[in-house]
Number of protein chains: 2
Amino acid sequence: MRQGENVEVLIFKVLSNEVRLAIIKALFKAPMSVNEICETINEEQSRVSHELRCLTTCQFVYFKREGKKMIYELNGGTATQIINAAENHAKLFGDNIKGCNTLSSIKQKSVTLVK
Amino acid sequence: MRQGENVEVLIFKVLSNEVRLAIIKALFKAPMSVNEICETINEEQSRVSHELRCLTTCQFVYFKREGKKMIYELNGGTATQIINAAENHAKLFGDNIKGCNTLSSIKQKSVTLVK
DNA sequence: TATTCATATGTATAAATCTTCATGTGTAAT
DNA sequence: ATTACACATGAAGATTTATACATATGAATA
């Protein structure tokens, strides 16, 4: 992260990652242990643990111990709200966005709307 | 961007940048030329142009020429929806998130909620 | 208490993104 | 047609983030 970065930017950074987003979406359905998350999203355990730490720190999920397992659960509905709003944009404009190869240097090909 | 990345992740990536978010927020108020954006958010022109290209490609803004100037304008309300939802999360949990130093290796300090 | 299971953490390399500088392009005015 | 203005683009080095591997930790059970 860069210096002085604001909270909103950080929130979007957390969500702008395939694995973290997949974890959140998996937890939409139900609380799960780490292994269950790994199976659901088909990712390696240490990878998932790293991302879960990020998600708990940013309060998108919390956890509780159950014997040897850690059960992760979504924290409130804010993640859902943000993701739904993004899905709305994706629904409207997704086809254009899909063509992107890089972020800073996206190849622009007559994708601009003009009123 | 990584291979096969989905549209939602890309949308969040676009928003997870100080300058791009600042541009969008500047355009909340009114359509502006590139120079006006530069002055408003206090950033260099080439930087702003690069980020505007990203924003137009992803359909958050569009533009029209007016003489020598290019006037940039927000495209619909989806950006506002997404940002408002993020602000909602920030309002609830921002204090914890602020403590973060890096993204993948956030230092976790008893920030976890337990029901 | 030794072992196994479930998960977390540290770290190094690879990959992506940011940022700046130099320069290119289009429009309008001289 | 030349110049100035407004903006866009290319590219490279700097910085951040992702990813994978090795290993550590805590709980339960033998």
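Per chain, numbering begins at 1; letters A, B, ... match sequence-line order.
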*Whole Å only: how far is the CD1 atom of Ile71(B) from the P atom of dA6(D)?*
12 Å
_Can you tell whether the side chains of Lys69(A) and Glu36(A) come within less than 4.0 Å, N to carboxylate O?_
no
*Proximal nucleotide (of dA6(D), dA18(D), dA6(C)) relative to the Lys69(A) side chain*: dA6(C)
_OP1 or OP2 of dA8(D) under 4.0 Å from side-chain N/O of Tyr72(B)_ = yes
*Take atom NZ of Lys64(A) and atom C1' of dT7(C), then tell me their distance rounded to the nearest Å.*
17 Å
*Hey, are Arg20(B) and Glu43(B) close enough for a salt bridge, meaning a charged N less than 4.0 Å from a carboxylate O?*
no
_Any side-chain to backbone donor/acceptor pair from Asn75(B) onto Phe60(B)? Under 3.5 Å, distance only._
no
*asked:* Using whole Å, what does the distance between atom C1' of nucleotide dT7(C) and atom CD1 of Ile23(A) come to?
replied: 13 Å
*Is Glu18(A) salt-bridged to Lys13(B), cutoff N-O under 4.0 Å?*
no
*Name the closest nucleotide to the His50(B) side chain, picking from dT4(C), dT7(C), dT9(D).*
dT9(D)
*Do Asn35(B) and Gln45(B) have side-chain N/O donor and acceptor atoms under 3.5 Å apart?*
no
*Arg53(A) CZ to dA18(D) C1': how many Å, rounded?*
16 Å
*Taking CE from Met70(A) and C1' from dT9(C), how many angstroms apart are they, rounded to a whole number?*
13 Å
*For DNA chain C, the residues among residues 39-47 of chain A that have a non-hydrogen atom under 4.0 Å from it*: Gln45(A), Ser46(A)
*Taking CG from Leu52(A) and P from dA8(C), how many angstroms apart are they, rounded to a whole number?*
7 Å
*Proximity to the side chain of Ser49(B) - top-ranked nucleotide from dT7(C), dG10(C), dA8(D)*: dA8(D)
*Would you mind reading off the distance between Glu66(B) atom CD and dT27(C) atom C1', rounded to a whole angstrom?*
13 Å
*asked:* If you only use heavy atoms from C-beta on, which nucleotide in dT20(C), dA6(C), dC18(C) is closest to the side chain of Arg20(B)?
replied: dC18(C)
_Ile41(B) to Ala22(B) - nearest heavy-atom pair and separation_ = CG2-O, 3.7 Å
*Between dA20(D) (P) and Glu18(A) (CD): distance, integer Å*: 13 Å
*What about Leu52(A) and Ile71(A), same hydrophobic cluster or not, with Ile/Leu/Val/Met/Phe/Trp/Tyr joined at side-chain heavy-atom distances under 4.5 Å?*
no
